[in-house]
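Remember, it's a predicted structure, so these values are computed and weren't measured experimentally. Start at 1 and go down the list; that is how both ligands and their atoms are numbered. Note that these values count all heavy atoms, side chains included, but never hydrogens, waters or copies made by symmetry.
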Amino acid sequence: MRYALPFLVILAGCNGGPALPPDREAALAARSETLANNFQTELQAALKSALASGGPAAAIEVCAQTAPAIARRLSTESGAEVRRTALQPRNPDAKPDAFERETMTAWRAAPLDPAGEPMVRSAALSTDKGPAFRWMRAIPTQKMCLQCHGEAIAPDVAAAISARYPDDKAMGFREGQLRGALSIHWTGDALKG
Ligand code: HEC
């Protein structure tokens, strides 16, 4: 029992923030879903037009510019941190934090729910910096993704990827596998808006 008291103090320090009211959680989950949908719609449109005009090797540069730009803009507009993450990232900035890693590890075996929709997780947390709300949605690998994330990538495309991303870990995927996730993190004043 000697060590019980300091241990409790540390726990309280990490979990001290007030909880979010349930209606706030529901509103943040709905806003997160809209942000995720906007991210995917915009990026897929940019990717499709880049693929149609220049093919996959040229589309890599578009993807490299557009994906982070969309994430930045949606983050500024919402006040949340909006990003894509992956267990095997192409962009080193997409490396997961502990929550994202735990969530994607749980989804790896089955990225879709029984209704065939990508898995979603939301969680209201109390941290030492106050309340936070996390929302994630799985991104499964589709057929069209394989030209840049699959097992048999054309040599010019593979060369363009390794020139731009020397630490790339995002090849070798098959259709249906978990490619990554959208991740939205609300903290501070953004929780109120
Ligand atoms: C033209 C090649 C290309 C195609 C096709 C493509 N991607 Fe990517 N993907 C990339 C590039 C390049 C990046 C790194 C973007 C960046 O720097 O943020 C990336 C990054 C990602 C990331 C972010 C995490 C990470 O690994 O950096 C996810 C998730 C992702 N792609 C999923 C998909 C899915 C799902 C599809 C199919 C719907 C797809 N991609 C199709 C080239 C492609």
Region of [X] that comes within reach of ligand 1 [heavy atoms, distance under 4.0 Å]:
| X | answer |
| --- | --- |
| Ile161 | neither |
| Arg164 | neither |
| Ala94 | side chain |
| Arg84 | side chain |

Original post:
How close do Arg179 and Ala170 get, heavy atom to heavy atom, and via which atoms?
Top reply: NH2-CB, 3.3 Å

Original post:
Can you name the closest pair of heavy atoms from Pro96 and Glu100 and give their distance?
Top reply: CA-OE1, 3.4 Å

Report yes if the side chains of [X] and [Y] come closer than 4.5 Å at any heavy-atom pair, otherwise no.
| X | Y | answer |
| --- | --- | --- |
| Glu175 | Thr141 | no |
| Ile153 | Cys148 | no |
| Arg134 | Asp97 | yes |
| Phe99 | Met136 | yes |
| Leu191 | Pro131 | yes |
| Arg137 | Asn37 | yes |
| Arg90 | His149 | yes |

I want to know if ligand 1 touches [X] in the polar sense, i.e. an N/O pair below 3.5 angstrom.
| X | answer |
| --- | --- |
| Arg179 | yes |
| Gln44 | no |
| Gln142 | no |

For ligand 1, which atoms, with element, lie under 4.0 Å from some heavy atom of [X]?
| X | answer |
| --- | --- |
| Cys145 | 34 (C), 35 (C), 36 (C), 37 (C), 38 (C), 39 (C), 41 (C) |
| Pro68 | 18 (O) |
| Ile139 | 29 (C), 35 (C) |
| Pro56 | 1 (C) |
| Met144 | 5 (C), 37 (C), 38 (C) |
| Pro89 | 25 (C), 26 (O) |

Original post:
Do Trp186 and Ser32 have side-chain N/O donor and acceptor atoms under 3.5 Å apart?
Top reply: yes

Tell me: protein heavy atom nearest [atom], and distance?
| atom | result |
| --- | --- |
| atom 15 (C) of ligand 1 | Tyr165 OH, 3.4 Å |
| atom 2 (C) of ligand 1 | Cys148 SG, 1.9 Å |
| atom 18 (O) of ligand 1 | Asn91 ND2, 3.3 Å |
| atom 42 (C) of ligand 1 | Arg90 NH1, 3.5 Å |

Subject >> Min heavy-atom dist Thr141 to ligand 1 below 4.0 Å >> reply: no

Subject >> 4.0 Å heavy-atom contact, Pro140 with ligand 1 >> reply: yes

**OP:** State whether the side chain of Thr187 and the backbone N or O of Ala132 hold a donor-acceptor pair below 3.5 Å, judged by distance alone.
**Re:** no

Original post:
Backbone or side chain, does His149 get an N/O/S atom under 2.8 Å to atom 8 (Fe) of ligand 1?
Top reply: yes

Original post:
How about Asp189: does its CG atom have over 12 heavy atoms from other parts shown lying under 6.0 Å from it?
Top reply: no

